[in-house]
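These notes are about the structure you will find just below.
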Amino acid sequence: MSDQEQSADNSAPLSRQTSQQQSAAGATSNSSNRFRFSFRKKTQKSAVVKRDSEDLTMKCSFITQTEQLFAELTGELGMTLEQLLEHGGLSAALAFTRIYPREALARAGAALVCCGPGDNGGYGLACAKYLKIFGYKLTLFYPKTPSKPAYRQLLNQCEKLDIPFLSYMPGDVQVLQHNYGLIIDALFGWTFQLPVKPDLAGVFGKLCDTTVPIVSIDVPSGWEADKPPSGSQQLRPDSLISLFLPKRCSLEFAVRRHYLAGRIIPVSMATKLGLRLPCWGSADSSSLTLALIDPSAAAGDSECLQSATHK
Ligand SMILES: NC(=O)C1=CN([C@@H]2O[C@H](COP(=O)(O)OP(=O)(O)OC[C@H]3O[C@@H](n4cnc5c(N)ncnc54)[C@H](OP(=O)(O)O)[C@@H]3O)[C@@H](O)[C@H]2O)[C@@H](O)CC1
């Protein structure tokens with residue numbers, strides 16, 4: 001990690017920024033320009049990525065054709081759901097340690113990991129398992145009965161690691177804010193479609209309303225791969241950990257830190273699908289699985305392509 005990044009980590013604010021603060025900090029997303037980027041028919045786009053361990057920038061694709069990619073991963077490459085969840089969850093946990101070092105989070109209180117009923121929730125369970133192994137203080141919220149063996153196995157492993165479970169989401173957001181220093185959002189992934197079903201509407205509403213900083217896994221809950229939610233409630237995370245390749249919707253909002261986690265797409269598959277992979281590191285173990293997305297990537301189409309050309 002560069003000195004500059006280390007210092008950014010140490011000064012990481014453990015409260016959620018208001019839109020004014022984001023704007024003052026130079027974030028590119030505010031109410032007037034947040035949606036200025038218009039989606040075109042083009043299916044993939046590229047943006048600048050900064051590799052974590054070195055001060056290099058590079059481009060990678062921000063994808064919309066998520067089903068096609070995952071069909072290749074699970075079909076041609078033969079990856080099982082268990083393998084995806086384990087690798088994605090471990091990589092997400094490693095990314096999380098860069099965003100919120102354990103000591104910084106310990107001062108602010110436990111992390112609440114909110115896991116939904118699908119794969120996104122499965123990545124949340126695997127991430128929680130590794131964060132606990134890394135020594136983080138956390139609590140799990142898993143409001144539904146696991147529907148697949150892979151989720152049940154991870155849930156069992158979290159229980160065996162003595163991770164405490166929250167049986168219901170506090171009715172008052174103040175209670176949430178008092179008890180937790182940070183929330184990891186693994187409620188819904190990119191297959192989610194509004195409206196939220198009644199059983200999880202309250203939980204989703206709390207995540208949107210709380211001022212506790214949120215780190216979302218893959219996409220913020222409520223967002224689809226390629227577009228912002230249409231409803232009035234929008235989850236705005238403090239930081240984002242994209243899995244395997246960033247989704248195009250992440251160009252629509254500014255976050256403090258955006259990591260890409262999970263190096264599983266072979267070059268041959270990327271070439272076949274017309275995807276551009278980041279230039280992953282080759283030396284140390286964490287740069288094998290992590291890339292830091294440059295904030296300028298969220299500036300909009302022409303700006304990110306411009307900065308990619310100039311750097
Ligand atoms: N799909 C793929 O090909 C692969 C995806 N992968 C990764 O997984 C992530 C996406 O995971 P996902 O596909 O499981 O979606 P996700 O949103 O976490 O859960 C779906 C469940 O949520 C629920 N639910 C849905 N809508 C809802 C609503 N409106 N309101 C309330 N509940 C709602 C519904 O549960 P139910 O209500 O049926 O119990 C449904 O079953 C994605 O980020 C990607 O990286 C890879 O692992 C490999 C292959």
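Reckoned from all heavy atoms, side chains included, excluding hydrogens, waters and symmetry mates. Counting starts at 1 for both ligands and their atoms, following the listed order. Quantities reported herein were computed from a predicted structural model and do not represent experimental measurements. Residue indices begin at 1 and follow the sequence shown.
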Specify side chain, backbone, both or neither for [X], according to which of its non-hydrogen atoms lie closer than 4.0 Å to ligand 1.
X      : result
Ser147 : neither
Gln193 : backbone
Asn120 : both
Asp218 : side chain
Phe244 : neither
Phe188 : both

Spell out, as yes or no, whether a donor-acceptor pair under 3.5 Å connects the side chain of [X] to the backbone of [Y].
X      : Y      : answer
Ser61  : Arg276 : yes
Thr80  : Gln83  : yes
His178 : Val173 : no
Ser250 : Pro246 : no

Distance from [X] atom [atom1] to [Y] atom [atom2], nearest 0.5 Å?
X      : Y      : atom1 : atom2 : answer
Leu260 : Leu240 : CG    : CG    : 9.5 Å
Leu182 : Leu138 : CG    : CG    : 10.5 Å
Asp209 : Leu176 : CG    : CG    : 10.0 Å
Gln177 : Thr210 : CD    : OG1   : 4.0 Å

Numbering the atoms of ligand 1 from 1, which are under 4.0 Å from a heavy atom of [X]?
X      : value
Val196 : 29 (N), 30 (N)
Lys144 : 36 (P), 37 (O), 39 (O)
Pro195 : 28 (C), 29 (N)
Leu84  : 48 (C)

Practice problem: State whether a side-chain donor-acceptor pair under 3.5 Å links Asp185 with Ser216. | Solution: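 Yes - a donor-acceptor pair under 3.5 Å links their side chains.
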Exercise. Decide whether Asp238 and Tyr100 meet the rule of one side-chain donor and one side-chain acceptor closer than 3.5 Å.
Key: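 There is such a pair (donor and acceptor under 3.5 Å, judged by atom type) between the side chains of Asp238 and Tyr100.
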Practice problem: Check the pair Asp226, Lys247 against salt bridge (charged side-chain N to carboxylate O under 4.0 Å, His left out), reporting the backbone distance first and the verdict last. | Solution: CA-CA 7 Å; Asp226 63 346; Lys247 313 303 171 290; over 6 Å; no
Tell me the protein heavy atom at minimum distance from [atom], and give that distance in Å.
atom                    : answer
atom 48 (C) of ligand 1 : Phe70 CD2, 3.4 Å
atom 47 (O) of ligand 1 : Tyr123 OH, 2.6 Å
atom 14 (O) of ligand 1 : Asp119 N, 2.6 Å
atom 30 (N) of ligand 1 : Lys197 N, 2.7 Å
atom 35 (O) of ligand 1 : Pro117 CG, 3.3 Å
atom 17 (O) of ligand 1 : Gly189 N, 2.7 Å
atom 19 (O) of ligand 1 : Gly118 CA, 3.2 Å
atom 26 (N) of ligand 1 : Phe192 CD1, 3.7 Å

Quiz prompt | Verdict with supporting geometry, Glu252 and Lys227, salt bridge (charged side-chain N to carboxylate O under 4.0 Å, His left out) | solution = CA-CA 8 Å; Glu252 290 285 330; Lys227 59 176 188 280; over 6 Å; no
Exercise. Can you spot which of Phe253, Trp190, Phe204, Phe188 makes a ring-ring contact (aromatic ring centres under 6.0 Å, His included) with Trp223?
Key: Phe253
Say whether [X], considering both its backbone and side-chain N or O atoms, lies within less than 3.5 Å of an N or O atom on ligand 1.
X      : answer
Thr191 : yes
Lys247 : no
Leu81  : no
Leu85  : no

Practice problem: Please check if a non-hydrogen protein atom sits closer than 4.0 Å to atom 2 (C) of ligand 1. | Solution: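 Yes, there is a protein heavy atom closer to it than 4.0 Å.
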Quiz item: Within 4.0 Å of atom 43 (O) of ligand 1 (strictly less), any protein heavy atom?
Solution: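 Protein heavy atoms within 4.0 Å of atom 43 (O) of ligand 1 - there is at least one.
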Self-check item: Chi angles and distances behind the side-chain hydrogen bond (donor to acceptor under 3.5 Å, both in side chains) call for His258, Ser239
Solution: CA-CA 6 Å; His258 182 180; Ser239 298; over 6 Å; no
